[in-house]
Amino acid sequence: MVHASVHVRRLSATASVCGVCLLLLPPGPAQAFSGGNHEKITRAALTWEPGSLTAMADSRAGAIVADDQGDYFKLGILHCDNADFLAPRFTPAYPRTRDEANAELLACIRGSVARLRAAVRYADGLVDSQGRVIARQSDLGSPCTWSESAGRAKCNVLEQLGRGWHPIEDFYSHSNWSDKADAGPVGTDNPPGLNRSGIAPFLDIRRYSSMKDADWTKEAAGLIPEDLATGCYPDFESTGVKTADCTGRIEHNRALNKDTEAARRSGNGNFQRATELAAQDIARQWKDFTAELIATYPDNGRGAQMICALTHDTPAVSCPRGR
């Protein structure tokens, strides 16, 4: 294992949450839903006007794939990696405990909680105190740049949402939540499948965003099934340690990922279920985010105007005061 260098740049929105630095490394082979699948999932979940939806969902340049670009690619908590575990009834000495696996999954969730909180703050810049859309802050005439730097309020909000939703989509691809295992013995090459048909209750991001960290992590940990696993991948874990290899563990590439329909684990209907649940969960996350905006900014209908500004391509025209 190696540790991240001290000479790195931190993720502005999540470094304080996960305590991990990013090493300046080029992207490696795909470890997440392909960009095309992220786009399909996100488009299935949202009913926005075309330009705004493209800014979020485009397979190459949308906010939803920002976490797959550059250095972000190598931070495991941004993809819900490394929450692998195999119970003693399947193997006598798995090299990771349930608590260690939970710690990685909770770190992944924690990043999405931080992103939602940031998105709510940035949304304040979309409208003025009277609830009028600020045109220059909601304009998409030039592309957004997902660089974690302050810019137009709409771009800022979309970036936080996209970076917060990406791990949620990856969770369904990288875990055995909705899987059916192959026939034969269960083990590191054939992890158990939980075959769940509903979205994960421990991804209740809005609820957690209003709670103390210690409280929601305790609640979420209690909802994680004993046999849940996400695959081991040689990227940086929440501790800042980079796993050298995944020998003896449930490997992302070989055993568990459903990033494309051609992946080994995508059979048994696993790919279809993972993508469907990911889309359902993003629809849930968007609904919860809009409810949070309305609750946080009730005066002069500001929250509703913020939602209109995010979903419409020319909100200064399409979202007049009082809409």
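Computation of the quantities below employed the complete heavy-atom set of this structure, encompassing side-chain atoms and omitting hydrogens, waters and symmetry-equivalent molecules.
- Summarising the geometry, atom OG1 belonging to Thr188 is positioned 8.0 Å from atom CD belonging to Glu251; distances are rounded to the nearest 0.5 Å.
- Annotation: the span from Leu310 atom CG to Cys319 atom SG amounts to 9.0 Å, rounded to 0.5 Å.
- When only modelled atom types and interatomic distance are considered, Glu261 and Ser266 share no side-chain donor-acceptor pair under 3.5 Å.
- Between Leu158 atom CG and Met56 atom CE the span is 5.0 Å, to the nearest 0.5 Å.
- Rounding to the nearest 0.5 Å places CD1 of Ile250 at 11.5 Å from CG of Asn82.
- Side chain of Asp128 to backbone of Gln130: a donor-acceptor contact under 3.5 angstrom is found.
- Side chain of Arg249 to backbone of Cys232: no donor-acceptor contact under 3.5 angstrom is found.
- Remark: side-chain polar atoms of Glu39 are paired, donor with acceptor, to backbone N or O of Ser59 under 3.5 angstrom.
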For side-chain hydrogen bond (donor to acceptor under 3.5 Å, both in side chains), just list the numbers for Glu49 and Thr314, CA-CA rounded to whole Å, side-chain angles, deciding distance to a tenth of an Å, and then say yes or no.
-> CA-CA 9 Å; Glu49 290 194 344; Thr314 54; 5.3 Å; no
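- For Arg163 (side chain) and Trp146 (main-chain N/O), a donor-acceptor pair under 3.5 Å exists by modelled atom type.
- Aromatic ring orientation, Trp177 versus Phe171: tilted (interplanar angle from 30° to 60°).
- Between Asp288 and Arg207, none of the side-chain N atoms (NZ, or NE/NH1/NH2) sits under 4.0 Å from a carboxylate O, so this pair counts as no salt bridge.
- Between Arg96 and Glu237 there is a salt bridge, since a side-chain N of the basic residue sits under 4.0 Å from a carboxylate O of the acidic one.
- In this structure, Arg115 pairs ionically with Glu148, as a charged nitrogen and a carboxylate oxygen lie closer than 4.0 Å.
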Apply the test side-chain contact (heavy atoms from CB on, under 4.5 Å) to residues Val120 and Arg206: give CA-CA distance (whole Å), side-chain angles for both, the deciding distance (0.1 Å), then the verdict.
-> CA-CA 11 Å; Val120 172; Arg206 183 198 179 198; over 6 Å; no
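- Of the possible donor and acceptor atoms, one in the side chain of His79 sits under 3.5 Å from a partner among the backbone N and O of Phe73.
- Taking CZ of Arg254 as the start and CZ of Arg265 as the end, the distance is 12.5 Å to the nearest 0.5 Å.
- When atom types are taken as modelled, the side chain of Thr296 and the backbone of Leu293 share no donor-acceptor pair closer than 3.5 angstrom.
- Formation of a donor-acceptor pair under 3.5 Å by the Lys154 side chain with backbone atoms of Leu140 is not found in this model.
- Proximity of a side-chain donor or acceptor of Asp313 to a complementary backbone N or O of Ser52 within less than 3.5 Å is detected.
- Atoms CD and CD, from Gln285 and Glu169 in turn, are 10.0 Å apart once rounded to the nearest 0.5 Å.
- The closest donor-acceptor contact from the side chain of Arg152 to the backbone of Asp139 lies under 3.5 Å.
- For Asp84 (side chain) and Ala229 (main-chain N/O), no donor-acceptor pair under 3.5 Å exists by modelled atom type.
- Residues Phe271 and Asn37 form a side-chain contact, since some pair of their non-hydrogen atoms from C-beta on lies under 4.5 Å apart.
- With Trp165 as the partner, the side-chain contact (heavy atoms from CB on, under 4.5 Å) test is satisfied by one option alone out of Asp281, Asp67, Leu46: Leu46.
- Minimum interatomic distance between Asn190 and Ala181 (heavy atoms only, all atoms of both residues): OD1-CB, 3.7 Å.
- Between Trp216 and Tyr208, the ring-plane angle classifies as parallel under the 30° and 60° cut-offs.
- With hydrogens and angles left out, the side-chain atoms of Asp99 and Thr97 include no donor and acceptor closer than 3.5 Å.
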